[in-house]
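Residue numbers start at 1 and run along the sequence shown.
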Amino acid sequence: MTTSPRTTGACPYPFKRPSALEQPTELRTIREEPVVPVELPSGDQALLITRYLDMRAVLSDERVSRDLTRPGTARMTKDNVMFQDPHISPDPPEHTRMRRLITKAFTPKRVEELRPRTEKVVAELLDAMEKGPRPADLNEALAFPLTIRMTCELLGVPLEDQHKFRSWTDHFLSVSRFTGEEIGRARGELIAYVQQLVAAKRQKPGNDLISAMIAVQDDDESGLSEYELVYWVMLLLIAGYETTAGQLGSSLVVLLSRPEDLARLHADPSLVPSAVEELLRLQVMGSSLSMLRYVKEDIEVGGVLIPAGSSIIPSIESANMDPAIFTDPETFDITRRDNRHVTFSTGIHFCAGAALARMELQVALEGVVRRFPELRLTAPADELPRNEGALIQNFVEIPVQW
C-alpha cells in the first residue's frame with residue numbers, strides 16, 4: 001500500500017550538529033521514514049530520501065531531474081543559484097554526451113600520473129610546516145594549498161593565478177555567508193577568468209586537462225562547445241579544490257581526535273586507503289543540499305508516492321549510516337571492508353573527480369602520519385569552529401602542535 005508524503009513537521013535542513021565532530025542527532029532515527037519533509041535555507045520545502053537503496057534507485061530514475069531551473073523547484077538558498085545554468089542541460093541525453101567527453105579526457109591514468117607529483121608537493125608543504133611557526137594551521141599549511149595546486153596543475157591553470165580561486169569558490173558555494181550581489185560579482189569574475197583561460201589553451205594547448213577537453217571529440221566528431229568547456233572547467237575547479245580541501249582537513253581533525261587510530265596508521269600505512277573510505281563515508285564536511293532534484297512524474301519511494309512537481313534531496317549522509325547496508329554504521333572503523341558509501345554520488349552523476357580526490361587524500365594522510373607521529377590539536381576537536389553558512393562546512397582553522 002502506498003501512502004502520501006508527510007506534509008507537517010518539516011525539519012530545518014541541513015541538520016545542525018550537536019558539536020563539531022558529532023553527527024546530527026536526526027541521523028539516528030530519520031530512516032524510520034523513507035521520505036521526510038525538510039525546510040531548506042531558502043525557506044522552500046523538499047522531501048529527504050533517507051535510505052540507501054531508495055537513494056540509489058532515485059538517482060538512476062529518469063523521472064527525476066537535476067534541472068533546478070524548472071518552475072516550482074525548491075531553491076537551495078535565497079541568494080545563490082549554484083549549479084543552476086539554463087544553458088546547460090544536467091539531464092540525458094545532453095548530460096550523457098558531455099559526461100562521455102569529459103570522461104575521455106579525465107582518465108584514471110591521467111590522475112594516477114599525478115600521484116608522484118602529489119607526493120612531492122605534500123613533502124614540500126610538510127617541510128615548510130615543520131620549519132615554520134608553531135602552532136601551525138593544517139588548513140593553510142596543507143589542505144588548501146595542496147588541493148588548489150594539484151587541481152590547477154591538472155587543469156593547466158598558471159601558478160601565479162592559483163591564489164584567486166579561494167575567494168571565488170567561497171562565494172560560489174555560499175549558502176548564507178554572502179549577499180546575492182557579492183555572489184554574482186565573484187561568479188562573473190570566475191567565468192571571465194575561465195573564458196580567457198580556455199581561449200589561451202585553444203591558441204597554445206599543453207599537456208593538461210583543459211587542452212584535452214578542447215581536443216576530445218565524440219564518435220560523430222563533435223566536441224564540447226565553448227560554453228560547455230567553461231562550465232565544466234568551473235565545475236572541476238570547484239569540485240576538485242574546495243570539497244577535497246574540506247574533506248582532507250576534516251579527516252585530519254577526526255584522526256587527531258582519535259590517537260589510537262592515528263597510531264595504527266603510523267604503524268601500518270597500508271590501512272590508509274580503507275581509512276580514507278571510512279572518513280568519506282562519515283560525511284564529516286557537509287550535507288546533501290547540493291543533491292536537490294526535481295520529480296518530473298509521480299514516483300514511489302519506499303511505499304510513499306511522491307507526486308510530480310516535488311523537490312527531493314537524496315540524503316548521502318543518511319544513506320551512509322543505513323544499518324541495512326553498513327554493520328554498526330555509527331562506529332568509525334578504519335579497517336572497514338566493502339565500504340559501499342555513496343559520498344561521491346552514484347549513477348550518471350557519479351563525481352568525475354572521485355579518483356583525484358581519493359588519490360590526494362591517500363597521499364596527504366600517509367604523508368602527515370609518517371612525518372608527524374606526535375601531531376596533536378592545540379584545542380579540543382569539538383570546539384573547533386566550522387564554516388557555517390557554506391555548502392562545504394569545513395573547519396575554519398585546524399591548529400596543531402608536535
Participant: In Å and rounded to the nearest 0.5 Å, what is the CZ to OG1 distance from Phe144 to Thr244?
Facilitator: 10.5 Å

Participant: If you count the non-hydrogen atoms of other residues, nucleotides and ligands that lie under 6.0 Å from CD in Glu374, is the total more than 12?
Facilitator: no

Participant: Using a 4.5 Å cut-off on heavy atoms from C-beta on, say whether the side chain of Arg293 contacts that of Ile49.
Facilitator: no

Participant: Tell me if a side-chain donor or acceptor on Asn339 pairs with a main-chain N or O of Ser274 at a distance below 3.5 Å.
Facilitator: no

Participant: In chain order, what residues pass the side chain to side chain donor-acceptor pair (under 3.5 Å) check against Arg370, with sequence neighbours excluded?
Facilitator: none

Participant: As an exercise, state the distance from CD of Glu119 to CD of Glu360, rounded to the nearest 0.5 Å.
Facilitator: 12.0 Å

Participant: Any idea which heavy atoms bring Ile313 and Ser288 closest together, and the distance?
Facilitator: CG2-O, 3.2 Å

Participant: Counting only N and O atoms by type, is there a donor-acceptor contact under 3.5 Å from the side chain of Ser211 to the main-chain atoms of Asn207?
Facilitator: no

Participant: Can you name the nearest heavy-atom pair linking Glu366 to Pro269, along with the distance?
Facilitator: OE2-CB, 3.9 Å

Participant: Please step through side chain to side chain contact (heavy atoms under 4.5 Å, CB included) for the pair Leu282 and Val254, ending with a clear verdict.
Facilitator: CA-CA 10 Å; Leu282 285 179; Val254 171; 5.6 Å; no

Participant: When you compare the side chain of Glu242 with that of Asn394, does any pair of heavy atoms fall below 4.5 Å?
Facilitator: yes

Participant: Check Arg358 with Glu277, please: is the shortest side-chain N to carboxylate O separation under 4.0 Å?
Facilitator: yes

Participant: Check side chain to side chain donor-acceptor pair (under 3.5 Å) between Ser4 and all other residues, then give those that pass, not counting sequence neighbours.
Facilitator: none

Participant: Within this structure, what is the CG-CG distance for the pair Leu248 and Leu146, rounded to the nearest 0.5 Å?
Facilitator: 6.5 Å

Participant: With no hydrogens and no angle check, is any side-chain donor or acceptor of Asn320 less than 3.5 Å from a backbone partner on Val342?
Facilitator: yes

Participant: Any side-chain heavy atom of Phe350 within less than 4.5 Å of one from Arg99?
Facilitator: yes

Participant: What residues form a ring-ring contact (aromatic ring centres under 6.0 Å, His included) with His341, not counting sequence neighbours?
Facilitator: none

Participant: Could you give me the CA-CA distance, side-chain angles and deciding distance for Met129 and Leu142, then say whether side chain to side chain contact (heavy atoms under 4.5 Å, CB included) is met?
Facilitator: CA-CA 8 Å; Met129 186 175 95; Leu142 178 64; 5.6 Å; no

Participant: Go through the steps for Cys152 and Tyr241 under the test side chain to side chain contact (heavy atoms under 4.5 Å, CB included), then give the verdict.
Facilitator: CA-CA 9 Å; Cys152 288; Tyr241 143 56; over 6 Å; no

Participant: Can you tell me how far apart CD (Glu226) and CD1 (Ile214) are? Round to the nearest 0.5 Å.
Facilitator: 7.0 Å

Participant: Would Asp298 and Arg63 pass as an ion pair if we require N to O under 4.0 Å?
Facilitator: no

Participant: Taking Thr331 for its side chain and Asp333 for its backbone only, find out whether a donor-acceptor pair lies under 3.5 Å.
Facilitator: no

Participant: Tell me, please, which residues at least two apart from Lys109 pass side chain to side chain donor-acceptor pair (under 3.5 Å).
Facilitator: Glu113

Participant: Checking the side chain of Arg97 only, and the main-chain atoms of Gly223 only, is there a donor and an acceptor separated by less than 3.5 Å?
Facilitator: yes

Participant: Check whether any side-chain N or O of Gln247 sits under 3.5 Å from a backbone N or O of Leu279 as a donor-acceptor pair, and report yes or no.
Facilitator: yes

Participant: When rounded to the nearest 0.5 angstrom, what is the spacing between CD in Glu300 and OG1 in Thr3?
Facilitator: 8.5 Å

Participant: I'd like to know if the side chain of Ser287 reaches the main chain of Pro14, judged simply by a donor and an acceptor atom lying under 3.5 Å from each other, with no hydrogens or angles considered.
Facilitator: no

Participant: Indicate the atoms forming the closest heavy-atom contact of Glu39 with Ala10, along with that distance.
Facilitator: N-CB, 4.1 Å

Participant: Mark yes or no for whether Thr147, through its side chain, and Ala143, through its backbone, hold a donor-acceptor pair below 3.5 Å.
Facilitator: yes

Participant: If every non-hydrogen atom of Pro135 is compared with every non-hydrogen atom of Thr378, which pair is closest and at what distance?
Facilitator: CB-CG2, 3.9 Å

Participant: With Glu33, which residues qualify under side-chain contact (heavy atoms from CB on, under 4.5 Å), at least two apart?
Facilitator: Arg6, Val36

Participant: With a 4.5 Å limit on heavy-atom distance, are the side chains of Arg386 and Arg17 in contact?
Facilitator: yes

Participant: How long is the span from the CZ atom in Arg66 to the NE2 atom in His349, to the nearest 0.5 Å?
Facilitator: 5.0 Å

Participant: Under 3.5 Å, side chain of Glu397 to main-chain N/O of Glu140, donor-acceptor pair present?
Facilitator: no

Participant: If you look at every heavy atom in Glu130 and Trp402, which pair is closest and at what distance?
Facilitator: CA-CZ2, 3.8 Å

Participant: Using a strict cut-off of less than 4.0 Å between a Lys/Arg side-chain nitrogen and an Asp/Glu carboxylate oxygen, indicate whether Glu181 and Arg185 qualify as a salt bridge.
Facilitator: yes

Participant: Do Leu289 and Pro41 have side chains that get closer than 4.5 Å, going by heavy atoms?
Facilitator: yes

Participant: Taking everything shown except Glu160 itself, do over 12 heavy atoms lie less than 6.0 Å from its CD?
Facilitator: yes

Participant: Please report the closest heavy-atom contact between Asp322 and Ala324, naming both atoms and the distance.
Facilitator: OD1-N, 2.9 Å

Participant: Taking the side chain as C-beta and beyond, is there a heavy-atom pair between Phe395 and Leu21 under 4.5 Å?
Facilitator: yes

Participant: Could you tell me whether the side chain of Pro323 reaches within less than 4.5 Å of the side chain of Arg31, counting heavy atoms only?
Facilitator: yes

Participant: Side chain to side chain contact (heavy atoms under 4.5 Å, CB included) for Leu384 and Leu377? Distances and angles first, verdict last.
Facilitator: CA-CA 10 Å; Leu384 296 178; Leu377 293 167; 4.2 Å; yes

Participant: Please tell me if the side chains of Met321 and Arg281 come closer than 4.5 Å, counting only heavy atoms from C-beta onward.
Facilitator: yes

Participant: Is Ser257 reaching over with its side chain to a backbone N or O of Ala381, donor-acceptor style, under 3.5 angstrom?
Facilitator: no

Participant: In terms of side-chain heavy atoms, does Ser19 have a donor or acceptor partner in Glu22 at a distance below 3.5 Å?
Facilitator: yes

Participant: Partners of Tyr52 by ring-ring contact (aromatic ring centres under 6.0 Å, His included), sequence neighbours excluded?
Facilitator: Phe326

